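Both ligands and their constituent atoms are indexed starting at 1 by order of listing. Note that the structure is a prediction, hence the values are computed from the model and not measured.
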Amino acid sequence: MTFCAAPSDTSMEATQIAPMRRGACPSLSTPMMTGDGLLVRLRPEKSGFALAELTAIADAAALCGNGILEITARGNLQIRGLTAQTVPLLSQKIADAGIAIAEGLAIETPPLAGLDPAEIADAVVVADRLRAAVAAHQPPLALAPKLSVVVDGGGQLNLGAVTADIRLRAVQTNGQARWLMALAGTETTARQIAVLEDAAVVPAVMDILKNLAAIGRHARARDIVGAVATRWATTFNLDEIAPMVPAPSAAGIHDLGDERSVLGIGLPFAQIHAHSLGTLLEALDILGATEIRLAPGHALMVLGIAPDQIGAAQALALGHGLRAFPRDPRNHIAACAGIGACVSARIDTRAVAQMVVDTAPALLDGSLTVHVSGCAKGCAKPSASALTITAAPTGYGLVVNGPASEAPNAYIEENNMRTALEHLDKLVSERKQGGESARSCLTRLGADGITAAVQQG
Ligand code: SF4
């Protein structure tokens with residue numbers, strides 16, 4: 001077994017620990033303390049990682065942390081189980097591998113940006129212009145650590161479900177590509193502000209960022225959305241903008257046209273061990289993979305595999321226990337890190353998630369997401385779910401149509417969970433009317449019907 005060398009005193013002093021609270025954002029320079037040690041979150045500066053780069057990160061995670069890597073719901077990479085002594089070495093390993101990590105304001109683009117033939121406009125170009133404007137601003141803008149901007153060209157794997165402070169979405173109006181700007185939310189919850197010509201995008205976003213910086217490092221777009229909406233009264237009728245089509249599951253093969261395709265591989269319940277990732281990357285390399293991009297939905301997008309090899313790569317990923325098909329029931333469960341990894345967790349979220357897969361397949365038809373949360377914070381899915389299983393004082397709470405923070409509709413003793421899920425599975429299987437989805441069936445049964453089923457002795 002290899003152990004990390006102790007870093008110099010100077011590098012240890014340079015490691016600041018981010019407090020574990022809302023608004024804190026762990027990075028290499030400010031890792032966050034969790035239940036299994038320090039955690040850092042990384043975003044590559046480029047669109048993705050070369051295979052050798054991700055292999056180097058996996059090796060460094062095994063050497064400096066507990067070997068567990070995660071991809072978050074919005075597609076960031078997390079390394080767990082670090083210590084104040086090993087974080088500087090991790091930084092060094094990443095720098096030695098020549099990997100540039102993005103710092104500062106998160107400006108996010110869809111995982112297939114610049115490659116997707118369905119895009120209305122290239123989000124990468126706009127994101128790069130925006131990054132350059134932010135970097136050139138003097139004095140540097142002091143912004144909230146978790147502030148984010150989404151630039152979405154409107155392709156297949158869009159970022160509609162990802163929450164952002166500022167959203168830019170390419171739209172076609174009068175036969176021309178323009179950018180719909182919205183603030184504070186997902187594609188469906190953000191306040192639409194204006195439709196902008198391409199040249200107006202960067203000045204508009206910079207104006208908002210400067211306003212936020214003037215308020216202070218805690219300011220988020222939700223704090224100024226009303227004032228910005230008034231100021232940006234638009235000549236376009238925002239009601240005429242077509243709604244975004246929800247993105248499909250990242251897991252599976254996605255066609256890029258011109259006989260090109262990309263394989264989406266989801267991590268089961270968001271995690272993978274560094275050794276598994278290393279062997280997967282080695283095998284994907286042999287099959288011709290050239291680049292890995294991180295994607296929302298805890299997924300990796302594998303680029304460069306020839307069409308006649310992509311089926312083999314998909315089978316390989318499945319053989320590693322990963323989600324490689326759109327119909328994998330695990331695509332429809334959101335689970336946070338849980339007990340052993342988070343100090344706030346009171347249940348083993350991953351074990352419960354697997355129990356849902358094993359005992360309640362009728363729920364996982366793709367029409368809803370079952371959310372398993374270690375506490376009321378609901379990190380894995382802050383928005384409401386048709387079913388949320390959360391920690392309760394003596395077992396589990398079941399929230400119907402709500403977030404983890406809501407009071408549970410039913411309480412289930414720890415030892416009764418499997419039986420409760422079997423009853424729920426039976427209820428949905430028996431009551432589904434011809435062609436009905438699990439979501440629609442649960443909506444029809446209502447909270448009372450669901451509660452009665454799970455509390456059945
Ligand atoms: S939701 Fe999960 S990861 Fe988030 S604080 Fe609670 S237990 Fe920890």
- Item | Asp152/Arg169 ion pair, N-O < 4.0 Å | no
- What distance separates Leu115 CG from His254 NE2, expressed to the nearest 0.5 Å? 12.5 Å
- Message: I'd like to know if Glu430 pairs up with Lys426 as an ion pair, taking the criterion as any Lys NZ or Arg NE/NH1/NH2 lying under 4.0 Å from an Asp or Glu carboxylate oxygen.
- Response: yes
- Is Cys379 close enough to atom 8 (Fe) of ligand 1 to have an N, O or S atom under 2.8 Å? no
- Message: Using a 4.0 Å cutoff against the non-hydrogen atoms of Gly374, which atoms of ligand 1 qualify?
- Response: 2 (Fe), 7 (S)
- So with a 6.0 Å cut-off around NZ of Lys93, is the heavy-atom count from everything else above 12? no
- Message: Distance under 4.0 Å to a non-hydrogen atom of Ala345: what atoms of ligand 1 satisfy this?
- Response: 7 (S)
- Task: Would you mind listing which atoms of ligand 1 come within a distance below 4.0 Å of any non-hydrogen atom of Cys342?
- Result: 3 (S), 5 (S), 7 (S), 8 (Fe)
- Would you say Cys375 has an N, O or S atom lying under 2.8 Å from atom 6 (Fe) of ligand 1? yes
- Task: Output the list of atoms in ligand 1 that are nearer than 4.0 Å to some heavy atom of Ser373, sorted by atom number.
- Result: 1 (S)
- Taking only heavy atoms of Cys336 into account, list the atoms of ligand 1 that are under 4.0 Å away from them. 1 (S), 2 (Fe), 3 (S), 7 (S)
- Rounded to the nearest 0.5 Å, what's the gap from CZ on Arg323 to CG on Leu267? Could you check? 7.0 Å
- Does one side chain, of Thr189 or Thr186, offer a donor that lies under 3.5 Å from an acceptor on the other? yes
